[in-house]
Number of protein chains: 2
Amino acid sequence: MIQSPFNCHFELTLELIGGKWKGLILWHLHDKKVLRNGEMLRLIPRITQKMLTQQLREMEENGLIRRVIYEQVPPKVEYSLTPHGEAIRPILEMMIDWGVEYAKDKNILIACTQQ
Amino acid sequence: MIQSPFNCHFELTLELIGGKWKGLILWHLHDKKVLRNGEMLRLIPRITQKMLTQQLREMEENGLIRRVIYEQVPPKVEYSLTPHGEAIRPILEMMIDWGVEYAKDKNILIACTQQ
DNA sequence: TACTGTACATACTAAAAGGTAACTATTAAA
DNA sequence: TTTAATAGTTACCTTTTAGTATGTACAGTA
């Protein structure tokens, strides 16, 4: 048997939800259930089209999100979470809770108005 | 009031425990309570001295770990978790659990023998 | 006198991640 | 005929993160 599943499984999870944008995209998908490309660009103003597409493609390949294309013009593409993507929610929530506690204790003022 | 604490607090947490080695270091500290530099190098064979020192310093600065120097030769320095560092444990555990489930479902074989 | 053990530091290089700007395709409406 | 709307792609550049190799300090032991 495996001595400790830590290293690999932690790194696996970190690889799939790490990076600058994935957590945020997942969070909005948790919130809204279904989102289109343009809606995400509006929800996450500082992300670029390139980064959004790139992160969505990676998460689709990893089976965290679903991509549904409607054959029409102008194009319509909808994104939503798979069960694996939904299962990540408690991790995101705990990370937020920890961050809130930490910021409170360290007196870190975070202005997240733009969102 | 803040519209959504997500972006910033999630990013804050990710900044503090992300990267290639921090989670692993924290995990070993959870396990052993107190560790010295050399012990960590042995527990994490693929880490280099430079990366270990760098990550330890960052986590010390962020208040996740404690560094105690004994004034003796050859030098002795002990590392342990602060309360904030200990509070991260459930996040690490959930990340591992999710990774295990995901790997099982996707038939990803992970050989973590070296650890 | 040279070597050992412990815990570093530093300069340099390589690789990964992220960002910018400009371009593509399609159909309908003005 | 030009413009709008949507969802991209691509080439190039910058920044961040990680890795390699070598050097430092000090007291005790061989």
Side-chain angles (χ1 to χ4, degrees), chain A residues 7-8 10-26 28-29 32 34-62 64-80 114-115, chain B residues 7-8 10-26 28-29 32 34-62 64-80 114-115:
Chain A
N7 192 356
C8 28
F10 175 80
E11 283 183 5
L12 175 64
T13 304
L14 195 60
E15 203 182 298
L16 299 189
I17 68 167
K20 193 166 174 180
W21 303 110
K22 282 180 181 168
L24 191 47
I25 294 169
L26 290 171
H28 284 296
L29 281 171
K32 312 280 180 170
V34 176
L35 282 172
R36 298 177 62 181
N37 180 79
E39 293 178 305
M40 290 197 233
L41 286 177
R42 262 166 266 132
L43 286 168
I44 312 170
R46 288 182 305 168
I47 201 172
T48 60
Q49 176 66 65
K50 180 203 151 188
M51 288 311 289
L52 179 59
T53 305
Q54 191 176 299
Q55 304 304 301
L56 288 171
R57 286 295 187 290
E58 283 178 25
M59 290 196 285
E60 189 197 357
E61 216 170 285
N62 296 147
L64 301 187
I65 63 176
R66 206 179 286 120
R67 181 166 175 259
V68 178
I69 305 164
Y70 296 84
E71 293 293 353
Q72 62 185 58
V73 172
K76 177 176 173 184
V77 179
E78 283 185 348
Y79 297 91
S80 57
Q114 82 297 343
Q115 174 55 216
Chain B
N7 192 355
C8 27
F10 175 79
E11 282 183 6
L12 175 65
T13 304
L14 196 59
E15 202 183 300
L16 299 189
I17 68 168
K20 191 165 173 183
W21 303 110
K22 282 180 182 167
L24 192 47
I25 294 169
L26 290 172
H28 284 297
L29 282 171
K32 311 279 181 171
V34 177
L35 283 171
R36 298 178 62 181
N37 180 80
E39 293 176 306
M40 289 198 234
L41 286 177
R42 262 165 267 132
L43 286 168
I44 312 170
R46 288 181 305 167
I47 201 173
T48 60
Q49 177 65 67
K50 182 204 153 187
M51 289 312 290
L52 180 59
T53 305
Q54 191 175 299
Q55 304 304 301
L56 287 171
R57 286 295 186 290
E58 284 178 26
M59 290 195 286
E60 190 197 356
E61 215 170 286
N62 296 145
L64 302 187
I65 64 176
R66 206 178 286 120
R67 181 164 174 263
V68 178
I69 305 164
Y70 296 84
E71 293 292 355
Q72 61 185 57
V73 172
K76 177 177 172 183
V77 178
E78 283 184 347
Y79 298 92
S80 56
Q114 81 297 342
Q115 175 54 216

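Note on naming: letters A, B, ... go to the chains in the order of the sequence lines (proteins, then strands), and numbering restarts at 1 for each one. Quick caveat: nothing in here was measured; it's all calculated off a predicted structure.
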In whole angstroms, the gap separating P of C:dA9 from CG of B:N37 amounts to 10 Å
Which of C:dG19, C:dC8, D:dG19 is nearest the side chain of B:W21? It is D:dG19
Atom CD of B:E71 and atom P of C:dC8 are separated, to the nearest Å, by 12 Å
Taking five pairs at each terminus, the helix from C:dT1-D:dA30 to C:dA30-D:dT1 shows an axis bend, to 10°, of 40°
Rounded to the nearest 0.5 Å, the CG atom of B:L16 sits from the NZ atom of B:K22 at a distance of 6.5 Å
Rounded to the nearest 0.5 angstrom, the CZ-CD1 distance for A:R42 and A:I47 is 14.0 Å
One should read off an interatomic distance between A:I44 CD1 and A:H28 NE2, to the nearest 0.5 angstrom, of 4.5 Å
A:Q49 atom CD is separated from D:dA7 atom P, nearest whole Å, by 9 Å
From CD of A:E39 across to P of D:dA7 the rounded distance in Å is 8 Å
Does C:dC8 have OP1 or OP2 sitting under 4.0 Å from an N or O in the side chain of B:Y79?
yes
Going 5' to 3' through nucleotides 21-30 of chain D and flagging B where a protein heavy-atom sits under 4.0 Å of the base, S where only the sugar-phosphate is that close, and - otherwise, we get -----BS---
CG (A:L41) and CZ (A:R46) are apart, to the nearest 0.5 Å, by 14.0 Å
B:T53 has its side chain closest, among C:dA9, C:dG18, D:dT9, to C:dA9
Any side-chain N or O of A:K20 less than 4.0 Å from the OP1 or OP2 oxygen of C:dG19? yes
Taken to the nearest whole Å, CG/A:L41 to P/C:dT20 is 14 Å
note: A:L14, atom CG; D:dT17, atom P; distance rounded to Å ~ 13 Å
| query | OP1 or OP2 of C:dT6 less than 4.0 angstrom from a side-chain nitrogen or oxygen of B:R36, does that happen here? | reply | no
In whole angstroms, the gap separating P of D:dT9 from CD of A:E58 amounts to 13 Å
So B:L14 and A:K20, do their side chains get closer than 4.5 Å, heavy atoms only? no
Do the side-chain N or O atoms of A:R67 get closer than 4.0 angstrom to the phosphate oxygens (OP1, OP2) of D:dG8?
yes
Per nearest nucleotide of DNA chain D, the residue lying toward the 5' end, A:Q54 or B:T48, is A:Q54
Counting only side-chain nitrogens and oxygens, does B:R46 get under 4.0 Å of the OP1 or OP2 atom of D:dA18? no
A:E39 and A:V34 have their tightest heavy-atom pair at OE1-O, 4.3 Å
Test log, rule side chain to side chain contact (heavy atoms under 4.5 Å, CB included), inputs B:I25 and B:L43
CA-CA 9 Å; B:I25 294 169; B:L43 286 168; over 6 Å; no
One should read off an interatomic distance between A:L56 CG and A:N37 CG, to the nearest 0.5 angstrom, of 7.0 Å
Rounded to whole Å, the CD-P distance (B:E15 to C:dA17) equals 17 Å
Output a table of donor-acceptor pairs, distance under 3.5 Å, between side-chain atoms of residues 65-73 of chain A and any protein atom two or more places apart or on a different chain; print 'none' if there are none.
residue	atom	partner	partner atom	Å
A:R66	NH1	A:S80	OG	3.2
A:R66	NH1	A:L81	O	3.3
A:R66	NH2	A:L81	O	3.4
A:R67	NE	A:Y79	OH	3.2
A:Y70	OH	A:E78	OE1	3.0

The reported gap from CD in A:Q55 to CE in A:M51 (rounded to nearest 0.5 angstrom) is 4.5 Å
